[in-house]
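Have a look at the structure below before the remarks.
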Protein chains: 2
Amino acid sequence: MKKAAQTCERIIRAAERLFAEQGFEATSLREITQVAGVNLASVNYHFGSKKGLIQAVMERYQSVFMPALQQQLQALPATNLTTEQVLACLVPPLNALTQVRQDGPEIYLRLLGFAYSEIQGHLRRYTMNRFGEVIHQLFACFEAANSHLSADTLFWRLHFALGTTLFAQVSAQALSEIARADFQEADPEHHIIERLLPYLAAGISAAEPPRMK
Amino acid sequence: MKKAAQTCERIIRAAERLFAEQGFEATSLREITQVAGVNLASVNYHFGSKKGLIQAVMERYQSVFMPALQQQLQALPATNLTTEQVLACLVPPLNALTQVRQDGPEIYLRLLGFAYSEIQGHLRRYTMNRFGEVIHQLFACFEAANSHLSADTLFWRLHFALGTTLFAQVSAQALSEIARADFQEADPEHHIIERLLPYLAAGISAAEPPRMK
DNA sequence: GAAAGAATTAAACGCGTGTTTAAAACGAAC
DNA sequence: GTTCGTTTTAAACACGCGTTTAATTCTTTC
């Protein structure tokens, strides 16, 4: 029972890297097992199916990220919340993912992005069942920080913000190359989150436009 | 030479609908030809390959959208540009896509979204070769409207904004359902663009944050 | 050290994909 | 009405996928 755990970890580490690079559907089990240096059938033996492997990969990150987020949210002041403060709560939990893997934060955001853009319904269900409470807390904090907005407007903008983040991370690689060429910017993907936060905060909290039409 | 054109159009109309619903990779030629009521092999006969069909589908929209955008940009005032004004330039060209198809605007945005999130490198190259000039004009207008921002900050924010738009459109269907359940909102996807513009404008033009670190 | 259980292996299965083929049907021009 | 190029058709091809199988090897336990 030592060789087994070793095999599981080799599979997971190869899978999360390849999933984050190419997406879930575009990554085959043959590719994963080849990179991991294990037999093709061992994925199904240890994780049951490809879906099982995907969930195992996500679980490693969520189980670190979500509790850390909960802790951050509870440390927030009860009054005079700002959107920037709430957004800032997401950063330490993200950074905590380095304990899962050196480049854990980027990996996790990219995995999330693919989970959304590909139709991974089972992931959404699993996440909501397992961590729904934290997510609702987060929403409540945004509401407290944006009492000037109607509930439906805030709803849409939070999803816009989520979309912005995920899309940015997924296309970060390509964009970084362009940016580097155009602006001699040596910016590693690492700091995209810093570029993102002001944009998100301004977008979320923008004044409610007059209802036209 | 009449039956042929008919077949091509049946294929294209079925393809653009299915591509917009499911993405390019997730839509098989067998599904397309079945919906179109034509033979499987006719796609390869008329368009050479699946890639060829994808490009033909996009071309129909780009060839309407891009010239219309160029026209809008040239009608812009030379001084005192605002981000809202530039963003507003995108709306009429989008609406012009109804001449391609009734639900053309939504279809086009969703196709764009999938073209970005799936790795359709050939589409990116083709678009830049064919319409690079208009796109650079658009960037220049945003620069004129945001002289308070550094070039690299604006570059990132414009891509964030593009990402927000595409992601929103791709996930609009799912979000609309949730929104409808939570807020009794009878909002068809049609008006997402109106919800989007204030968010985008505020995000793009947000004050440059002090360079930390 | 032998027996029992867990883990690994190579091979094959069934399925769906994009593409190609070669024959059949069609349409226009003489 | 026949001919010739175009278009349509059904069938097969080659490939990659996730999964399963059955045999083998390794580990542990008595």
Side-chain angles (χ1 to χ4, degrees), chain A residues 1-59 111 114-115 117-123 126, chain B residues 1-59 111 114-115 117-123 126:
Chain A
M1 221 180 223
K2 213 178 86 210
K3 203 98 176 280
Q6 220 172 297
T7 299
C8 283
E9 199 179 313
R10 292 173 66 89
I11 292 174
I12 285 212
R13 292 191 64 85
E16 63 192 11
R17 202 197 81 200
L18 292 170
F19 284 154
E21 281 174 4
Q22 312 172 337
F24 297 107
E25 308 226 327
T27 303
S28 71
L29 294 185
R30 283 169 175 81
E31 199 176 355
I32 293 172
T33 51
Q34 190 175 338
V35 169
V38 302
N39 186 274
L40 168 61
S42 55
V43 170
N44 288 277
Y45 178 78
H46 286 289
F47 300 95
S49 65
K50 188 179 181 179
K51 267 207 271 202
L53 174 59
I54 292 175
Q55 287 195 15
V57 165
M58 292 305 283
E59 169 67 20
L111 291 176
F114 285 119
S117 54
E118 305 179 15
I119 324 166
Q120 300 289 349
H122 64 106
L123 269 186
Y126 145 81
Chain B
M1 220 179 224
K2 212 176 87 211
K3 204 102 175 281
Q6 220 170 296
T7 299
C8 283
E9 198 177 315
R10 291 173 66 88
I11 292 174
I12 285 210
R13 291 191 65 86
E16 63 190 11
R17 203 198 80 200
L18 292 169
F19 284 154
E21 281 174 4
Q22 314 173 336
F24 298 106
E25 308 226 329
T27 304
S28 71
L29 294 185
R30 282 169 176 81
E31 198 176 356
I32 294 171
T33 52
Q34 189 175 336
V35 168
V38 303
N39 186 274
L40 168 62
S42 53
V43 170
N44 289 278
Y45 177 79
H46 285 289
F47 300 96
S49 65
K50 188 178 181 180
K51 266 208 272 201
L53 173 59
I54 293 176
Q55 287 196 15
V57 165
M58 292 306 284
E59 169 67 22
L111 291 176
F114 285 119
S117 55
E118 305 179 13
I119 323 168
Q120 300 287 352
H122 64 105
L123 268 186
Y126 145 80

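Hydrogens, waters and symmetry mates are skipped; everything else that's a heavy atom, side chains included, is used. Letters A, B, ... are given to chains in the order of the sequence lines, protein chains preceding strands, and every chain is numbered from 1.
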Discussion item. If you count every heavy atom of other residues, nucleotides or ligands that lies below 6.0 Å from A/E31 atom CD, does the total exceed 12?
Written reply: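 Yes, because the 6.0 Å sphere around CD of A/E31 holds more than 12 heavy atoms from other groups.
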
How long is the line joining [atom1] of [X] and [atom2] of [N], in whole Å?
| X | N | atom1 | atom2 | answer |
| --- | --- | --- | --- | --- |
| A/F47 | D/dT20 | CZ | C1' | 18 Å |
| A/L29 | D/dG16 | CG | P | 15 Å |
| A/Y45 | D/dG18 | OH | C1' | 19 Å |
| A/E25 | D/dG18 | CD | P | 10 Å |
| A/N44 | C/dA11 | CG | P | 18 Å |
| B/I11 | D/dT8 | CD1 | C1' | 11 Å |
| B/R10 | D/dT7 | CZ | P | 17 Å |
| A/Q34 | C/dA10 | CD | P | 13 Å |

Worksheet entry | Value rounded to 0.5 Å, distance of CG in B/L53 from CD in B/E16 |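 Here the interatomic distance stands at 9.5 Å.
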
Contact between [X] and [Y] at the side-chain level, heavy atoms closer than 4.5 Å - yes or no?
| X | Y | answer |
| --- | --- | --- |
| B/K51 | B/H122 | yes |
| A/T7 | A/N39 | no |
| A/F19 | A/I32 | yes |

Item to complete: For C/dG18, take OP1 and OP2 only and decide whether either is under 4.0 Å from a side-chain N or O of B/S49.
Response: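 Indeed not, no polar side-chain atom of B/S49 lies that close.
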
Discussion item. Between A/H46 and C/dA6, is there a contact of a side-chain N or O with OP1 or OP2 at under 4.0 Å?
Written reply: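 The answer is no; no side-chain N or O of A/H46 sits under 4.0 Å from OP1 or OP2.
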
Worksheet item: Closest nucleotide of DNA chain D for A/A41 versus for A/S28: which of these residues is on the 5' side?
Response: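 Here A/S28 is the residue nearer the 5' end.
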
Discussion item. Within the 4.0 Å heavy-atom criterion, would you say B/T27 contacts the bases, only the backbone, or no part of the nucleic acid?
Written reply: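 Touches sugar-phosphate only.
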
Item to complete: Please tell me which of A/N39 and B/R30 maps to the more 5' nucleotide of DNA chain C, matching each residue to the nucleotide holding its nearest heavy atom.
Response: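 Counting from the 5' end, the first nearest nucleotide belongs to A/N39.
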
Discussion item. Looking only at the side chain of B/K50 (C-beta and beyond, no hydrogens), which of the listed nucleotides C/dT8, C/dG18, D/dT19 gets closest?
Written reply: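 Given the options C/dT8, C/dG18, D/dT19, the side chain of B/K50 is closest to C/dG18.
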
